[in-house]
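For this chain, numbers begin at 1 and follow the sequence in order. All of these numbers come straight from a predicted model, not from anything done at the bench.
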Amino acid sequence: MKKFKSTDEIKIPDKLIDQIIGQEKATEIIKKAAKQHRNVLLIGSPGTGKTLLAQAMAELLPAADLEDVLAYKNVNDDNKPLIKVVKTYPNAKEILASGKPLGDGQGRQIMQKEKMAGKVDMGKQRNWIMPILIVLVVVAIIATFLNILSSSQIIFLGAIMLGVLVVGAAALFVGTFRRAGAGVLPGMFDTNEPKLIVDNTGLAHAPFIEATGAKAGALFGDVKHDPLQSGGLGTPPHMRVDSGAVHKANKGVLFIDEVSNLEAKSQQELLTAMQEKRYSITGQSELSSGAMVRTEPVPCDFLLVAAGNLQDVPKMHPALRSRIRGYGYEVYMEDTMPDTERNRDDIVRFIAQEIKKDGKIPPFSYGACMVIIDEAKRRSGRKNRLTLILRDLGGIIRAAGDIAREKEKKIVTEEDVMDSFKVTKPLEAQFVEQSLEYRKDYQIFRSTGYAIGRVNGLAIVGSSYLSSGIVLPIVAEVTKASSRTEGKLIPTGKLGTIAREAVKNTGALIKRHMNRDMASYDIHVQFVQTYEGVEGDSASISIAVAVISALEGIPVSQEIAMTGSLSVRGDVLPVGGISNKVSAAINAGMKYVLIPQNNSGDVNIDKKSLSKIKIIPVRNIADVLQYALKKSKRRDEMISKLRRYIETDKLEREPLEV
């Protein structure tokens, strides 16, 4: 990577589609979908750029097709307002090509003309007030000077003048009331002034409408309730019509994240809007007067970009997903990308983009960018990879920038980024730090000596990209079977489904490889104080060691922590979160940590921390027992038998007796 003084030297692309990092497949799909007018379903972890892809898609769509929508009064049926659709900019291509300001769209121009016409009509109706007042005043003055009228007649004339003033004031009030859209008196100041319900004025590209978490009214439009429905004082139905996100996204992109959270009815209506490309607006509440109103169909020719996580897909309405698949594309977002020079350059560009977007933090130095890249590598959890969950990296960038500003620096340095790690720790990491002190004080786990049936396992708290490692004490005890027919494997603790299955698999391994008749024993496996819960099978080797230690009576070294999945044939399989788990072992004061051999390249921890512990890669259960159990003749004999069994696993042997 070419060195630079600060990220001010990094060129940032103008188009959003070119700012997207590491999602080449998704980017190509978005370009194709925008060109061919297709829908897209984006599935992946939060923070991988799904929203940015949807925004980029809107930017790729032409602005020349934009439309404004107006609602008009229907003189034949008030409860069925008329809909008029006009081009926002009939000559949009010429205006955009010339570089001139777009100005008001055609919808706004129509509104302004109607308002001016209404003011003229109102002025005409008000013109009768002043002449009458002038005539009455002149008559009163002449009569007073000529002494023509009696005092009672003058009083009567004054009363007439006062009455004219009251009527005129009332007329002005009603006119103003009408202009505010609150309603009209029967036959007075009636108007056909429309309401602009979709306004695309000023848009140089297709609209991008985010409707994540929107309720039915915000998504499909609504007609407001009118409490003044009698006496002619109510607001006309067409003035109470509000368009929804599906209408505002017409000729553009409608983005809905966590699409499976939409109610089933809303998903069905969304499907109808996608199919028909026109959707009438009605009141969403049955108790509202708006429920009586239903407009003519309003255009909603949008492209849907739906997003969510993999576990949300089964919750989607089958017909809605079928519509996307049949008329669009499905994309699974990348979580990581290869650690190459080009991709490192992209991470630096991402830093520059975040700085520009924030607008308040200073540029980053080359060294500060390298620290961010190291963090991206660590967060990937895999060897030779960089994370693409960039939203969280953006949080570190902003925190480091804030720290530099507090120090009145003009550039963010490595020191500022390192300091930002302390203030951007996820809740899971903060919880682990506090619980670690508690566990140390009360000796929930041990880091010295030996113990039978007790193992320091390792687990992660939180999701894969916001996780933190924790030491997980596992204790096993073997007793005589409570049942005459069979023994039981009894796990206790807050275990998830996969964790419970891992315990059962460990039981199968012991039965097959240890040549033990398990029908005579009940095996109790306790996950000590697992209030935060345990899920996954990464504690498999820890369970196996604890049970074998309890069965054979051989102590386990408490200086060792371990993690790894275990097949029923004794192979140690790779697991996730290795760096976080090793860090947890270091913080707990362990001297050794056993990890799957296939994970040996996934450890990404600073050299200073790594110097405090010895990492031992293991391939199978025999390797694990050799390091974990206290040296003894029985241990060596047991491991020797296991190794012979494992090494001859590929050879043909006699079948088991039934």
Taking atom CD as the centre, does E263 end up with more than 12 heavy-atom neighbours from other residues, nucleotides or ligands that are less than 6.0 angstrom away? no
Give a yes or no on whether a salt bridge exists between K377 and D374, defined as a side-chain N under 4.0 angstrom from a carboxylate O. no
Can a donor-acceptor pair be found, under 3.5 Å and without considering hydrogens, that links the side chain of Q353 to the backbone of I12? no
Given M337 and I347, is the side chain to side chain contact (heavy atoms under 4.5 Å, CB included) satisfied, shown in steps? CA-CA 11 Å; M337 61 181 177; I347 293 291; 3.7 Å; yes
Sequence neighbours excluded and cut-off under 3.5 Å, please list the side-chain donor-acceptor pairs for residues 102-111, or say none.
residue: D104; atom: OD2; partner: Q112; partner atom: NE2; Å: 3.0
residue: Q106; atom: NE2; partner: K87; partner atom: O; Å: 2.7
residue: R108; atom: NE; partner: D199; partner atom: OD2; Å: 2.5
residue: R108; atom: NE; partner: T201; partner atom: OG1; Å: 3.4
residue: R108; atom: NH2; partner: D199; partner atom: OD2; Å: 3.1
residue: Q109; atom: NE2; partner: D104; partner atom: O; Å: 3.0

Those residues at least two apart in sequence (or on a different chain) that pass ring pair (Phe, Tyr, Trp, His ring centres under 6.0 Å) with Y279 are F220
For T235, is there any backbone N or O sitting under 3.5 Å from a side-chain donor or acceptor partner on D226? yes
For a 4.5 angstrom cut-off between non-hydrogen side-chain atoms, does K25 reach Y332? no
Could you tell me whether R405 atom CZ has more than 12 heavy atoms of other residues or ligands within 6.0 Å of it? no
To the nearest 0.5 Å, what is the distance between CG (D257) and OG1 (T212)? 5.0 Å
Under a 3.5 Å cutoff, is there a donor and acceptor pairing between the side chains of T27 and K31? no
Side chains of V412 and S365, heavy atoms from C-beta outward: is any pair under 4.5 Å? no
Closest approach of K195 to R240 (non-hydrogen atoms, all atoms of both residues): NZ-C, 4.3 Å
Ring pair (Phe, Tyr, Trp, His ring centres under 6.0 Å) with F4: which residues, sequence neighbours excluded? Y366
Does the pair L42 and V40 meet the rule for a side chain to side chain contact (heavy atoms under 4.5 Å, CB included), with working shown? CA-CA 6 Å; L42 302 174; V40 181; 3.6 Å; yes
Within this structure, what is the CG-NE2 distance for the pair N79 and H238, rounded to the nearest 0.5 Å? 13.0 Å
Establish, from distance only, whether the side-chain atoms of D335 and S45 form a donor-acceptor pair under 3.5 Å. yes
So that I can tick it off, tell me whether D68 and K84 are bridged by a salt bridge, with the cut-off set at under 4.0 angstrom between side-chain N and carboxylate O. no
Determine whether L320 and M274 make a side-chain contact, defined as any pair of heavy atoms from C-beta on separated by less than 4.5 Å. yes
Candidate pair R385 and T336, rule side-chain hydrogen bond (donor to acceptor under 3.5 Å, both in side chains), full reasoning: CA-CA 6 Å; R385 306 289 291 187; T336 63; 3.1 Å; yes
Ring pair (Phe, Tyr, Trp, His ring centres under 6.0 Å) partners of F302, counting only residues at least two apart: none
How far does CD of Q19 sit from CD of E354, to the nearest 0.5 angstrom? 9.5 Å
Just verifying a value: how many Å separate R379 CZ and L386 CG, rounded to the nearest 0.5 Å? 13.0 Å
Okay, side chain of T272, backbone of Q268: is any donor-acceptor separation there less than 3.5 Å? yes
Partners of K50 by salt bridge (Lys or Arg N to Asp or Glu O under 4.0 Å), sequence neighbours excluded? none
Counting neighbours of NZ on K409 that are heavy atoms of other residues, nucleotides or ligands and sit closer than 6.0 Å, is the number greater than 12? yes
Please tell me if the side chains of I43 and M333 come closer than 4.5 Å, counting only heavy atoms from C-beta onward. no
Nearest heavy-atom approach of I372 to I396 is CD1-CG2, 3.7 Å
Side chains of L303 and H37: does their closest heavy-atom pair fall under 4.5 Å? yes
Sequence neighbours excluded, every pair satisfying side chain to side chain donor-acceptor pair (under 3.5 Å) that has a member inside residues 3-13: none
Counting only heavy atoms from other residues, nucleotides and ligands, does the tally under 6.0 Å from CD of E286 exceed 12? no
Measuring from atom OG of S420 to atom CZ of R398, what distance do you get when rounded to the nearest 0.5 angstrom? 12.0 Å
When rounded to the nearest 0.5 Å, the distance separating CG of D416 from OG1 of T413 is 3.5 Å
Can you list the steps and then say if I21 with L390 is a side chain to side chain contact (heavy atoms under 4.5 Å, CB included)? CA-CA 9 Å; I21 293 169; L390 300 176; 4.1 Å; yes
Are the side chain of H225 and the backbone of S289 linked by a donor-acceptor contact shorter than 3.5 Å? yes
Does some side-chain heavy atom of I209 sit less than 4.5 Å from a side-chain heavy atom of F255? no
Does the Lys NZ or Arg CZ of R325 fall within the cation-pi geometry relative to Y327 - under 6.0 Å from the ring centre and within 45° of the axis? no
Determine whether a donor-acceptor pair (N or O, by modelled atom type, separation under 3.5 Å) exists between the side chain of D222 and the backbone of D242. no
Tell me, yes or no, whether the heavy-atom count around K407 atom NZ, taken from other residues, nucleotides or ligands under 6.0 Å, exceeds 12. yes
What's the verdict on side chain to side chain contact (heavy atoms under 4.5 Å, CB included) for I10 and V348, showing C-alpha distance, side-chain angles and the deciding distance? CA-CA 8 Å; I10 305 301; V348 173; 3.9 Å; yes
Of all the heavy-atom pairs spanning E296 and I83, show the shortest one and how long it is. OE1-N, 3.1 Å
Within a radius of less than 6.0 Å around NZ of K277, do more than 12 heavy atoms belonging to other residues, nucleotides or ligands occur? yes
Which heavy atom of V293 sits nearest a heavy atom of P81, and at what distance? CG1-CD, 3.6 Å
Judged by atom type as modelled, is there a donor-acceptor pair below 3.5 Å linking the side chain of N74 to the main-chain atoms of N76? yes
So which heavy atom on A56 is nearest to which on I20, and how close? CB-CD1, 4.2 Å
What one should report as the nearest heavy-atom pair of A245 and L254 is CB-CD1, 3.8 Å
Salt-bridge test for R344 and E341: reply yes if a basic N is under 4.0 Å from a carboxylate O, no otherwise. no
Measuring only between side-chain heavy atoms, which start at C-beta, is P46 closer than 4.5 Å to R391? yes
Is there side-chain contact between H247 and I281, with at least one heavy-atom pair below 4.5 Å? yes
Hey, does the side chain of Q267 reach the backbone of L262 with a donor-acceptor pair shorter than 3.5 angstrom? yes
So does R321 pair up with E330, basic N to acidic O under 4.0 Å? yes
Single hit among N200, V253, V198 for side chain to side chain contact (heavy atoms under 4.5 Å, CB included) with P207: N200
